[in-house]
Amino acid sequence: MTPEPGDYHVLAARDNGQALVHGPQGIELLSNICRHRQAIMLTGRGNARNIVCPIHRWTYDLSGKLLGAPHFDDQPCAQLGRTPLQNWHGLLFDGPRDVARDLAGLTLKDIDFTGYVLNRVDLHPCNYNWKTFIEVYLEDYHVEPFHPGLGQFVTCNDLRWEFAERASVQSVGVNSGLAKPGTRAYERWHKAVLDYYGGQQPAQGAIWLTYYPNIMVEWYPHVLVISTLVPQAVDRTLNVVEFYYPEDIALFEPEFVEAEQAAYHETAKEDDEIAERMDAGRKALYAQGRSEVGPYQSPMEDGMQHFHEFYRREMEVHLAGL
Amino acid sequence: MSDLATAARLRQATSQFPAHWYCDPRVFHAERTHLFARSPVPRDTSGTR
């Protein structure tokens with residue numbers, strides 16, 4: 001997102017109140033709110049020598065230090081807030097968790113994000129509970145019956161799970177050498193992949209990491225997608241989806257990028273329908289004062305069960321009496 | 001005759017959530033306070049560009 005000194009990227013999903021800034025100490029997460037009258041300063045993405053509030057020209061350096069406040073005899077002692085970041089395999093996180101420790105139990109070999117570039121960020125509003133999103137994401141039982149495209153791109157016959165206390169990984173293979181695309185969108189994506197690989201089958205279909213409660217990292221052949229759920233209400237969730245590709249693909253293979261995103265969006269739309277149906281059923285039960293549960297299919301729903309167990313460990317004590 | 005192999009795969013749903021955990025605003029607020037306030041947040045890929 002911010003590879004060069006001076007690059008900045010304002011985080012829209014955080015109401016533009018923070019920005020990643022590539023300053024003298026590397027990439028930092030700075031407040032984007034002026035210390036004078038609390039205005040948002042930077043917008044979007046770009047490159048700058050300083051951070052300047054357009055309203056009164058208060059100016060900060062790229063580490064957040066106030067350099068100048070026009071017409072003040074005494075320089076105000078003010079600095080933009082800085083939030084510490086953690087680096088895990090090239091991914092940056094903030095927050096109180098020790099990310100490396102949380103994910104240490106996962107093998108995840110051959111992970112290398114070097115050279116990947118951000119192509120696009122989607123803000124995808126979902127009309128259902130955030131837990132429903134995670135449940136759909138953590139089971140492969142629906143892939144074949146509900147995803148005609150994805151179900152012919154990957155095969156769950158060789159599904160493998162890995163679990164840590166706060167995370168799980170599901171790995172699936174490539175389906176039949178990508179010989180039988182299931183939909184038009186996936187036909188285009190199969191072709192783009194096979195063209196890029198010179199007709200050879202990629203080594204993997206997909207690897208899906210879920211870092212509980214709300215972060216998903218997906219690897220497809222030469223594609224990295226990071227999704228972060230922002231719960232907004234019991235039945236509203238914002239999914240912030242970031243698409244990354246190796247630089248050569250991002251710059252010179254627009255068909256690969258467009259085909260991949262079209263296939264991804266087709267599958268996401270199908271997942272929306274699944275989640276909306278599940279939420280609607282639960283709302284109907286809730287309105288009747290009832291509840292029902294069903295069994296887990298193993299191994300295809302092992303991840304969902306693991307998430308449920310994690311959530312109960314974290315939340316059950318806080319939900320007592322509700 | 002029961003299919004024991006199938007039955008073994010259909011684990012009991014001891015962990016699935018009750019319906020009101022998806023619908024009750026009090027549950028949602030408890031999650032915001034106790035789960036998301038202490039969770040990691042991804043911010044960019046530094047190894048990526």
Side-chain angles (χ1 to χ4, degrees), chain A residues 1-3 9 11 20 26-27 29 85-87 89-97 99 102 112-118 129 131-132 211 213-215 224 226 228 231 233-235 244 247 279 282-283 285-286 290-298 305 308-309 311-312 314-315 318-319 322, chain B:
Chain A
M1 280 185 176
T2 53
H9 184 111
L11 302 179
L20 287 161
I27 299 170
L29 181 58
L85 292 168
Q86 300 175 59
N87 188 322
H89 287 271
L91 303 181
L92 295 179
F93 295 82
D94 69 336
R97 300 291 312 174
V99 176
D102 283 346
D112 183 8
F113 301 123
T114 306
Y116 276 64
V117 299
L118 177 69
N129 189 275
K131 298 189 291 297
T132 309
Y211 186 10
N214 63 328
I215 299 165
L224 170 66
I226 301 176
T228 306
V234 287
D235 56 0
Y244 298 85
E247 189 168 21
D279 253 30
R282 288 158 176 167
K283 275 184 183 173
L285 289 169
Y286 181 61
R290 298 196 296 125
S291 186
E292 293 179 6
V293 296
Y296 300 103
Q297 202 288 334
S298 183
Q305 182 171 12
H308 285 162
E309 290 165 356
Y311 181 94
R312 285 184 177 276
E314 295 287 315
M315 287 301 299
H318 304 295
L319 301 180
L322 294 184
Chain B
M1 193 167 76
S2 62
D3 180 350
L4 293 179
T6 300
R9 285 198 298 273
L10 294 172
R11 294 193 211 160
Q12 288 308 302
T14 52
S15 299
Q16 196 185 331
F17 306 149
H20 77 275
W21 284 11
Y22 301 88
C23 307
D24 187 337
R26 294 175 301 170
V27 173
F28 177 78
H29 290 302
E31 291 169 343
R32 292 279 290 254
T33 303
H34 299 291
L35 192 60
F36 285 93
R38 297 186 288 114
S39 295
V41 185
R43 292 279 56 93
D44 179 32
T45 52
S46 69
T48 65
R49 311 181 67 196

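The sequence lines fix the lettering, A, B, ..., with proteins before strands; numbering per chain opens at 1. What you are looking at is a predicted structure, and each value in this text was computed from that prediction instead of being measured.
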Where is the tightest heavy-atom contact between B:Ala37 and A:Pro96, given as atom of each residue plus distance?
O-CG, 3.9 Å
Please state whether the side chain, the backbone, both or neither of A:Gln86 comes within less than 4.5 Å of a heavy atom of chain B.
neither
Gap separating the CD atom of A:Glu309 from the OG atom of B:Ser15, nearest 0.5 angstrom
4.0 Å
Between A:Arg312 (side chain) and B:Gln16 (backbone), is there a donor-acceptor pair under 3.5 Å?
yes
Can you give me the closest heavy-atom contact between A:Thr132 and B:Tyr22, atom names plus distance?
OG1-CD2, 3.5 Å
Examine distances only and state if a side-chain atom of A:Lys131 and a backbone atom of B:Trp21 form a donor-acceptor pair shorter than 3.5 Å.
yes
Nearest 0.5 Å, please: how far is CD in B:Glu31 from CG in A:Asn214?
11.0 Å
Region of A:Leu319 that comes under 4.5 Å of a non-hydrogen atom in chain B:
side chain
Note: vs chain B, highest number of non-hydrogen pairs under 4.5 angstrom among A:Glu292, A:Arg290, A:His308 is A:His308
Could you measure the distance from the OH atom of A:Tyr311 to the CG atom of B:Leu35? Nearest 0.5 Å is fine.
7.0 Å
Find the distance between CG (A:Asp279) and SG (B:Cys23) and round it off to the nearest 0.5 Å.
6.5 Å
Sort out for me which of A:Ser291, A:Pro231, A:Gly26 touches chain B most, counting heavy-atom pairs under 4.5 Å.
A:Pro231
